[in-house]
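Before any comments, here is the structure.
Each residue takes its place number in the sequence, starting with 1. Keep in mind that what you see is a predicted model, and the values were worked out from it rather than measured.
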Amino acid sequence: QVQLVESGGGLVQPGGSLRLSCVASGRFFSINAMGWYRQAPGKQRELVARIMRSGDSTDYADSVKGRFTISRDNAKNTVYLQMNSLKPEDTAVYYCNAVIRIWGSNSWGDYWGQGTQVTVSS
């Protein structure tokens with residue numbers, strides 16, 4: 001079984017910062033892309049940021065460019081999201097995503113964490 005566990009969410013004032021972490025555990029062969037998605041009430045889940053295994057290829061939603069930074073530590077099977085200059089519109093449940101190949105399989109699968117709440121409010 002593969003598990004993704006997020007941490008680091010919480011309540012922060014506008015302009016503040018938070019750092020999310022997500023650790024992948026279980027029996028797997030390799031992790032390819034890792035990323036963060038978010039879903040606000042009444043809205044669809046959207047991509048926030050994604051990073052490839054090498055770490056030198058990243059994608060960001062236009063709404064977070066220049067404020068959020070995604071990074072990963074392959075030795076720890078961990079992906080991070082540093083969020084600065086937070087705005088009320090960043091309020092959402094943030095989900096970790098990883099593309100993983102498990103032992104004994106020739107295919108890659110999408111795995112998700114349970115989500116962590118981020119609330120930006122004064």
Side-chain angles (χ1 to χ4, degrees):
Q1 289 283 2
V2 175
Q3 279 192 317
L4 300 180
V5 179
E6 303 105 333
S7 61
L11 172 65
V12 64
Q13 292 186 340
S17 298
L18 282 174
R19 188 192 193 207
L20 305 183
S21 300
C22 171
V23 181
S25 63
R27 289 181 56 80
F28 50 84
F29 179 73
S30 182
I31 304 175
N32 195 350
M34 301 186 82
W36 292 93
Y37 290 71
R38 67 186 181 187
Q39 187 166 19
K43 295 187 176 181
Q44 289 189 331
R45 189 175 297 191
E46 63 174 357
L47 173 69
V48 177
R50 180 173 52 205
I51 184 168
M52 302 307 289
R53 177 170 181 80
S54 64
D56 59 359
S57 178
T58 57
D59 292 313
Y60 292 93
D62 288 343
S63 59
V64 307
K65 284 181 180 177
R67 300 187 298 122
F68 291 10
T69 302
I70 190 170
S71 61
R72 65 189 287 172
D73 184 336
N74 291 333
K76 296 181 180 179
N77 298 322
T78 301
V79 63
Y80 306 97
L81 185 69
Q82 178 66 44
M83 306 186 292
N84 298 328
S85 303
L86 282 160
K87 304 175 181 179
E89 50 264 44
D90 294 318
T91 296
V93 178
Y94 284 69
Y95 296 91
C96 176
N97 169 265
V99 180
I100 294 175
R101 179 180 168 187
I102 62 174
W103 285 107
S105 173
N106 291 324
S107 61
W108 298 84
D110 256 329
Y111 293 84
W112 294 88
Q114 292 191 322
T116 184
Q117 177 70 46
V118 171
T119 302
V120 185
S121 175
S122 55

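Looking only at distances, no side-chain donor or acceptor of Gln82 sits under 3.5 Å from a matching main-chain atom of Arg19. Side chain of Arg101 to main chain of Phe29: no donor-acceptor pair is present (N/O by atom type, distance under 3.5 Å, no hydrogens or angles). In this structure a side-chain-to-backbone donor-acceptor pair under 3.5 Å is present from Arg72 to Met52. In terms of modelled atom types and a separation under 3.5 Å, the side chain of Gln39 and the main chain of Ala92 share no donor-acceptor contact. With Arg27 contributing its side chain and Ile102 its backbone, the two residues share no donor-acceptor pair below 3.5 Å. Looking only at distances, a side-chain donor or acceptor of Tyr60 sits under 3.5 Å from a matching main-chain atom of Ile70. Proximity of a side-chain donor or acceptor of Thr116 to a complementary backbone N or O of Tyr94 within less than 3.5 Å is not detected. In this structure a side-chain-to-backbone donor-acceptor pair under 3.5 Å is present from Trp103 to Phe28.
For the atom pair CZ (Phe68) and OG (Ser63), the distance works out to 7.5 Å, reported to the nearest 0.5 Å. Distance check, rounded to the nearest 0.5 Å: CG of Leu4 to CD of Gln114 gives 10.0 Å. Separating the CZ atom in Arg67 from the OG1 atom in Thr69 is a distance of 11.0 Å, to the nearest 0.5 Å. Rounded to the nearest 0.5 angstrom, Ile31 CD1 and Asn74 CG are separated by 7.5 Å. Between atom OG of residue Ser30 and atom CD1 of residue Ile100 there is a gap of 9.0 Å, rounded to the nearest 0.5 Å.
No continuous path of hydrophobic side-chain contacts links Val12 to Val93 [ILVMFWY only; heavy atoms under 4.5 Å]. The cluster map of Ile, Leu, Val, Met, Phe, Trp and Tyr, joined by side-chain heavy atoms under 4.5 Å apart, puts Tyr37 and Leu18 in different clusters. A chain of hydrophobic side-chain contacts below 4.5 Å, direct or via other Ile, Leu, Val, Met, Phe, Trp or Tyr residues, connects Leu81 to Tyr111. Tyr95 and Ile51 fall into different hydrophobic clusters, where Ile, Leu, Val, Met, Phe, Trp and Tyr residues are linked whenever their side-chain heavy atoms come under 4.5 Å apart, directly or through other members. Cluster annotation: Tyr80 is not connected to Val23 through the hydrophobic network of ILVMFWY side chains, with a link wherever side-chain heavy atoms come within less than 4.5 Å.
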key: side chain to side chain contact (heavy atoms under 4.5 Å, CB included) assessment of Trp36 paired with Cys96   = CA-CA 5 Å; Trp36 292 93; Cys96 176; 4.0 Å; yes
query = Going through the checks in order, is the side chain to side chain contact (heavy atoms under 4.5 Å, CB included) test met by Thr91 and Arg38?
reply = CA-CA 9 Å; Thr91 296; Arg38 67 186 181 187; over 6 Å; no
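Put simply, the side chain of Val5 does not reach to within 4.5 Å of the side chain of Ser25, judged on heavy atoms. Two residues are said to be in side-chain contact when any heavy atoms from C-beta on lie closer than 4.5 Å; Met83 and Leu20 meet this criterion.
Here the shortest heavy-atom pairing between Ser17 and Ser85 reads OG-N, 4.4 Å. Pairing each heavy atom of Val118 with each of Gly9, the nearest pair is CG2-CA, 4.2 Å. Nearest heavy-atom pair across Pro14 and Ser122 is CD-N, 3.7 Å. Across all non-hydrogen atoms, the minimal contact from Asn77 to Met34 is O-CE, 4.1 Å. Of all non-hydrogen atoms in Thr78 and Lys76, the two that sit nearest each other are OG1-O, 2.8 Å.
Enclosure of atom CD in Glu89 by more than 12 non-hydrogen atoms of other residues, nucleotides or ligands within 6.0 angstrom is indicated. Within 6.0 Å of the CD atom in Gln117, the count of heavy atoms belonging to other residues, nucleotides or ligands exceeds 12.
Salt bridge annotation for Asp90-Lys87: absent, with no cationic side-chain nitrogen under 4.0 angstrom from a carboxylate oxygen.
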